[in-house]
Amino acid sequence: MLSGRRLDLLDPTPVDIEIEDIAHGLSFVARWNGQTHGDFAYSVAEHSLLVETLFTRITPKAPAKWRLAALLHDAPEYVIGDMISPVKAAVGPGYGALDDRLTAAIHIRFGLPAQIPVAVKKQIKAADKISAWMEATQIAGFSEAEADKFFGKQDQEKSAGLTITLRPPMETRADFLERHRLLLDAMK
């Protein structure tokens, strides 16, 4: 990693996880395999910031630790990349197991339980689906009907006033790091 840490992907430990590595990696990993409109790729870091915002709208009284879990929901992708669901399924259960091990190490590193409660995970997934719908219609060229087919009809109230803006990776990285810092401070 850029931090100098050596991360064993098959046996990750919390001491080998650094938020700077996560933020940097996620800022350069493109969602939609880079197939989006704009001058910059839509990064997983940008997506993660949006999911945390949507999660907070869905569960306004959620404690900071669950908002942090929403921000970090795709954190393993900083080293394993972002694969579309059909590819993940084709790779098989090994991908899921790798993702689970990395997620547990990341969670423990930042004061979260290795596995978050099922109810919280469902709320994060709901925010993730709204984000995917927004991405599809705003930057990936889908019509609303197509997005509804793939991601389900979404509650427009939750995304009201939110617009996806494609930004340079370093700008997104800085915002991701700042949001992470604020959430950790709120957990104290």
Side-chain angles (χ1 to χ4, degrees), residues 1-5 7 12-31 38 40-80 82 99 102-135 138-139 154-155 157-188:
M1 301 293 108
L2 288 177
S3 65
R5 299 276 188 193
L7 179 65
T13 65
V15 297
D16 294 325
I17 307 292
E18 294 293 340
I19 193 59
E20 292 80 9
D21 293 331
I22 292 171
H24 183 81
L26 293 183
S27 295
F28 283 93
V29 174
R31 297 248 316 152
F40 298 99
Y42 183 66
S43 72
V44 175
E46 195 76 67
H47 163 77
S48 297
L49 288 162
L50 179 58
V51 168
E52 191 264 329
T53 297
L54 291 165
F55 173 79
T56 301
R57 286 183 174 196
I58 291 168
T59 56
K61 295 183 182 187
K65 69 180 180 179
W66 300 141
R67 294 192 324 259
L68 179 62
L71 181 69
L72 297 173
H73 80 283
D74 280 338
E77 293 179 9
Y78 86 106
V79 288
I80 60 176
D82 181 34
D99 187 83
L102 276 166
T103 297
I106 291 165
H107 283 178
I108 292 166
R109 170 65 174 90
F110 299 112
L112 299 171
Q115 293 184 357
I116 59 173
V118 171
V120 174
K121 199 168 190 170
K122 284 181 182 179
Q123 292 164 331
I124 293 170
K125 189 63 181 170
D128 196 32
K129 280 185 125 179
I130 295 169
S131 177
W133 190 95
M134 290 175 64
E135 294 162 23
Q138 290 184 29
I139 59 171
Q154 299 300 316
D155 179 356
E157 185 179 311
K158 299 298 181 203
S159 61
L162 297 176
T163 303
I164 294 173
T165 303
L166 303 179
R167 304 184 291 161
M170 295 300 124
E171 193 176 310
T172 305
R173 179 181 73 182
D175 285 354
F176 186 94
L177 286 169
E178 177 63 10
R179 189 67 192 141
H180 180 266
R181 185 190 65 74
L182 290 171
L183 290 168
L184 279 183
D185 286 351
M187 288 172 53
K188 294 178 183 174

Does any non-hydrogen side-chain atom of Ile124 lie less than 4.5 Å from one of Ile116?
yes
Is it true that Glu20 and Ser3 share a donor-acceptor pair across their side chains at a distance under 3.5 Å?
no
salt_bridge(Asp175, Arg179) N-O dist < 4.0 Å
no
To the closest 0.5 Å, what do you measure between CG (Leu183) and NZ (Lys188)?
12.0 Å
Distance, nearest 0.5 Å, that separates CG of Leu182 from CG of Leu177
11.0 Å
Heavy-atom neighbours of Glu171 CD exceed 12 at 6.0 Å:
yes
Going from OG1 on Thr103 to CD on Gln115, what distance comes out if it is rounded to the nearest 0.5 angstrom?
9.5 Å
Measure across Asp16 and Thr13 and return the closest heavy-atom pair with its distance rounded to 0.1 Å.
OD2-OG1, 2.8 Å
A side-chain contact here means heavy atoms from C-beta on lying under 4.5 Å apart; do Leu102 and Leu7 qualify?
yes
Is it the case that the side chains of Ser48 and Asp74 hold a donor-acceptor pair, with the cut-off being a distance below 3.5 Å and no angle test?
no
Across all chains, not counting sequence neighbours, the salt bridge (charged side-chain N to carboxylate O under 4.0 Å, His left out) partners of Arg57 are none
Considering non-hydrogen atoms only, spot the tightest contact between Ser27 and Ser43 and give its length.
O-CB, 3.4 Å
Listed partners of Lys61 passing salt bridge (charged side-chain N to carboxylate O under 4.0 Å, His left out), at least two apart
none
Closest non-hydrogen atoms of Ser159 and Met134, given as atom of the first, atom of the second and distance, are CB-SD, 3.4 Å
So, Glu135 versus Ser131: side-chain donor-acceptor pair below 3.5 Å or not?
yes
Smallest heavy-atom separation, Ile164 atom then Gln138 atom, equals N-OE1, 2.7 Å
Quick one: closest heavy-atom pair of Ala70 and Val51, and the distance?
O-CG1, 4.1 Å
Minimal heavy-atom distance between Leu54 and Leu162, with the atoms involved, is CD2-CD1, 3.6 Å
Please identify each residue that fulfils side-chain contact (heavy atoms from CB on, under 4.5 Å) with Ala75, with sequence neighbours left out.
Ile22, Leu72, Ile106
Got a sec, which residues hit ring pair (Phe, Tyr, Trp, His ring centres under 6.0 Å) with His180, two or more places apart in sequence or on another chain?
Phe110
Does any part of the side chain of Arg109, heavy atoms only, come nearer than 4.5 Å to the side chain of Glu18, both counted from C-beta?
yes
Report yes if some heavy atom in the side chain of Arg181 is under 4.5 Å from a heavy atom in the side chain of Phe176; otherwise report no.
no
Nearest 0.5 Å please: distance from the CD atom of Gln123 over to the OG1 atom of Thr56.
10.5 Å
So Leu71 and Leu49, do their side chains get closer than 4.5 Å, heavy atoms only?
yes
How many angstroms lie between atom OG1 of Thr165 and atom CD of Glu46, to the nearest 0.5 angstrom?
7.0 Å
Roughly how far, to the nearest 0.5 Å, is the CD1 atom of Ile139 from the CZ atom of Phe40?
13.5 Å
Going by ring-ring contact (aromatic ring centres under 6.0 Å, His included), name the pairs with one or both residues in residues 50-80, residues two or more places apart or in two chains.
His47-His73
Any pair with a residue in residues 117-127 that passes salt bridge (Lys or Arg N to Asp or Glu O under 4.0 Å), sequence neighbours left out, goes on the list, sorted by first then second residue, please.
Lys125-Asp128
Any heavy-atom pair between the side chains of Met170 and His24 that's under 4.5 Å?
yes
